[in-house]
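Whatever order the structure lists them in is the order used to number ligands and atoms, beginning at 1. Everything numeric in this text was worked out from a predicted model, so none of it was measured.
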Amino acid sequence: MITREKINETLASYDKKKLKVATICSHTALQIFHGARQEGFKTIGICTAERQKVYEAFPLGCPDEFMIVDDLNKIPSGDLVEDNAILVPHGSLVEYSGDKLDRMQVPMLGNRESLMWEKDREKMFKWLTAAGLQVPATINPDKIDRPCVVKLAGAKGGRGYRVVNSPEEFYEHFEGMNVTVQEYLIGVRMYPHYFYSPLSHEGYRASEGKLELIGIDRRFESNIDEAYRTEKVGLSFTPSFTVVGNELLVARESLLGDILEMGKNVTEAAERLFGGIPGPFCLETVVDENLQFFTFEVSARIVAGTNLFPLGSPYTAYLYNEPMSMGRRIAREIKLAARENKMQKIIY
Ligand code: AMP
């Protein structure tokens with residue numbers, strides 16, 4: 001694992017007036033480039049040749065320059081350092097870069113250690129329980145006695161997941177595979193997007209700084225989210241959970257206290273366990289009929305649900321007097337940290 005000292009050395013060598021914002025052209029890249037541009041940064045898109053035209057089709061979300069690679073898992077870390085770049089991690093970057101993440105010499109927004117905690121489900125649950133959150137039970141495959149969702153390793157957007165009801169059904173589909181078996185949660189899914197800033201003075205008090213609720217989404221997953229149609233035409237089907245898009249969700253206002261408190265507790269547990277989580281993160285929750293939250297996943301970086309809000313959300317409207325996306329909020333934090341000489345607080 002590359003040390004904080006090494007990253008701080010790299011940051012110290014950067015020209016603070018010519019910082020660039022870089023990411024892989026995927027996931028939330030349009031929003032990250034758009035927000036960085038609004039805050040006055042030049043941007044770099046790590047992209048394959050065939051994807052370039054997709055980004056060029058959106059001039060305000062298109063990076064200023066492309067670094068063309070033949071595979072998105074090849075992040076040209078050394079070139080990015082030469083270019084004075086800060087890499088912004090997102091879901092695809094975490095998935096594609098695998099275990100190279102912890103060795104990359106390019107400074108990354110946030111605490112890269114938090115991404116290791118996100119990727120390892122055992123660690124993730126340790127983090128969520130240390131934060132005092134209610135989580136679904138993890139079930140031993142031989143003891144499956146209720147509907148359970150079986151999850152493949154990694155951030156694959158729900159692909160390959162399946163609900164099973166018994167050990168026999170489990171072994172029929174997942175024998176010998178690296179999976180997690182979780183109790184199936186019943187209720188409404190809610191995915192709040194947070195931004196924790198150790199530098200800010202506005203928002204909900206958390207750790208040494210403030211927590212902002214930037215938005216909330218819910219996902220559309222194929223085919224479970226259109227199940228009623230499938231059933232209506234008389235077809236039987238196996239539910240699947242492949243994420244295909246997102247929709248806006250506004251929580252009833254009386255839930256906001258719980259939502260903010262959960263985010264604060266996750267921030268403070270991160271501080272105790274691995275040195276904190278500056279920047280964006282998201283909790284994947286299900287709210288049951290008694291208005292109880294159960295959290296089944298934490299994403300320690302920007303999530304795709306934030307793409308709903310390129311010009312701000314129903315929550316940022318009460319935080320900012322200007323359009324504020326998560327992408328722009330990230331860029332604003334980098335700008336603030338560079339100005340106050342506190343980059344090592346939000347970048348590792
Ligand atoms: P994940 O990869 O954990 O983000 O899960 C992908 C999708 O599977 C989620 O968005 C949910 O719709 C569904 N899912 C995951 N875990 C559970 C659970 N414990 N109970 C019910 N649905 C779940």
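The shortest N or O to N or O distance between L185 and ligand 1 is below 3.5 Å.
Look at E65 and K42 and you find no salt bridge, because none of the NZ, NE, NH1 or NH2 atoms lies under 4.0 Å from a carboxylate O. A salt bridge is absent between D15 and K20; no separation between the charged side-chain nitrogens and carboxylate oxygens falls under 4.0 Å.
Among E221, E297, R159, the residue whose heavy atom sits closest to atom 7 (C) of ligand 1 is E221. Distances from atom 19 (N) of ligand 1 to the heavy atoms of R218, E284, R219, Q182 show the closest one on Q182. If you check each of F294, Y161, F241 against atom 13 (C) of ligand 1, the one with the closest non-hydrogen atom is F241. Of the listed residues (K151, E183, R121), the one carrying the non-hydrogen atom nearest atom 15 (C) of ligand 1 is K151.
In the model, Q105 has no side-chain atom that pairs as donor or acceptor with a side-chain atom of K6 under 3.5 Å. Between the side chains of H90 and T23, at least one donor N or O lies within less than 3.5 Å of an accepting N or O.
Partner of K345 under the side-chain hydrogen bond (donor to acceptor under 3.5 Å, both in side chains) criterion, out of E333, E208, E340: E208 alone.
Against a heavy-atom cut-off of under 4.0 Å, V149 is close to the following atoms of ligand 1: 16 (N), 17 (C), 18 (C), 19 (N). Listed by atom number, the atoms of ligand 1 under 4.0 Å from R189 heavy atoms are 11 (C), 12 (O).
No donor-acceptor pair closer than 3.5 Å links the side chain of W127 to the backbone N or O of W117. R112 places a side-chain N or O within 3.5 Å of a backbone atom of M104 that can act as its donor or acceptor partner.
By the criterion of a heavy-atom distance under 4.0 Å, both the backbone and the side chain of Y184 are placed next to ligand 1. Under 4.0 Å from ligand 1, the heavy atoms of Y191 that appear belong solely to its side chain.
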